[in-house]
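One-based numbering along the sequence shown.
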Amino acid sequence: MMLYPSIMDLMEKAGNRYSLVIAASKRARDILENAKEEENNIDGARSITRAVEEIAEGTILVVNETKEQEEEREAEYQAKVEALEAAEQKQAEEVPEVADAADAE
């Protein structure tokens, strides 16, 4: 019995088994969450099958990162979060000053 898609086809798309498993499981979780939001009934096995088919078709692109690339991406994300928090803090500090000026009049 031949299964579609074959593991060899999937390995070409993903690069290695670890990346394939991680990508398929993440996509299957997304499929399940979307089905729940749309109130569709889908089980875990069908979501995995759909995720693997999407990888085989090329609908889902599996990107492999080195540890350094992952750390760099995480550092960029953290810098953005800190910049947003600083901007929110600055905005929060400026709002009471405007309210105090209105009260003084």
Side-chain angles (χ1 to χ4, degrees):
M1 178 167 147
M2 184 70 172
L3 297 177
Y4 177 81
S6 74
I7 189 70
M8 298 310 291
D9 292 341
L10 293 168
M11 292 289 288
E12 287 178 18
K13 301 278 185 180
N16 59 59
R17 290 180 189 201
Y18 177 79
S19 296
L20 175 61
V21 169
I22 297 300
S25 64
K26 285 183 179 181
R27 179 61 183 138
R29 267 187 248 122
D30 288 344
I31 291 169
L32 281 173
E33 288 175 13
N34 291 338
K36 287 179 184 175
E37 289 174 6
E38 297 172 2
E39 298 181 4
N40 292 336
N41 190 12
I42 187 170
D43 64 4
R46 282 194 270 161
S47 67
I48 293 170
T49 300
R50 188 177 304 164
V52 170
E53 288 172 349
E54 289 177 359
I55 291 170
E57 293 167 357
T59 307
I60 301 298
L61 179 65
V62 179
V63 178
N64 294 310
E65 288 183 320
T66 64
K67 189 67 173 172
E68 292 81 21
Q69 290 170 326
E70 181 182 359
E71 290 172 355
E72 182 179 318
R73 182 177 48 81
E74 288 293 328
E76 288 175 5
Y77 175 78
Q78 188 61 37
K80 288 178 183 177
V81 168
E82 290 171 0
L84 285 172
E85 289 174 349
E88 288 175 354
Q89 181 66 28
K90 183 178 178 183
Q91 186 179 20
E93 291 172 356
E94 291 174 356
V95 171
E97 293 173 7
V98 173
D100 290 341
D103 289 339
E105 293 176 5

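Neither Leu32 nor Ile60 shares a network with the other; the hydrophobic side chains, linked directly or stepwise wherever heavy atoms of I, L, V, M, F, W or Y lie under 4.5 Å apart, form separate groups for each. Hydrophobic clustering (ILVMFWY, side-chain heavy atoms < 4.5 Å, transitive): Ile7 and Ile48 are in one cluster. No continuous path of ILVMFWY side-chain contacts below 4.5 Å connects Ile22 to Leu61, so the two sit in separate hydrophobic clusters.
Taking both residues in full, the closest heavy atoms of Ala51 and Ile31 are given as N-CD1, 3.8 Å, listed atom of the first, atom of the second, then distance.
Under the 4.5 angstrom side-chain criterion for Ile, Leu, Val, Met, Phe, Trp and Tyr, Val21 has no cluster partners at all.
Sorted by first and then second residue, the side chain to side chain donor-acceptor pair (under 3.5 Å) pairs involving residues 7-17 (not counting sequence neighbours) are Ser6-Asp9, Asn16-Ser19. Pairs of residues two or more places apart, or lying in two chains, that qualify as salt bridge (Lys or Arg N to Asp or Glu O under 4.0 Å) and include a residue from residues 22-32 are Arg27-Glu54. The salt bridge (Lys or Arg N to Asp or Glu O under 4.0 Å) analysis of residues 80-89, with sequence neighbours excluded, yields no pairs.
Atom CD of Glu38 and atom NZ of Lys36 lie 13.5 Å apart (nearest 0.5 Å).
By the side-chain contact (heavy atoms from CB on, under 4.5 Å) test, Leu10 is found to be paired with Pro5, Leu20, Val52, Ile55, Ala56, residues two or more places apart in sequence or in another chain being considered. For the side-chain contact (heavy atoms from CB on, under 4.5 Å) test, residues two or more places apart in sequence or in another chain that qualify with Glu72 are Glu76.
In this structure, a donor-acceptor pair under 3.5 Å is present between the side chains of Glu93 and Gln89.
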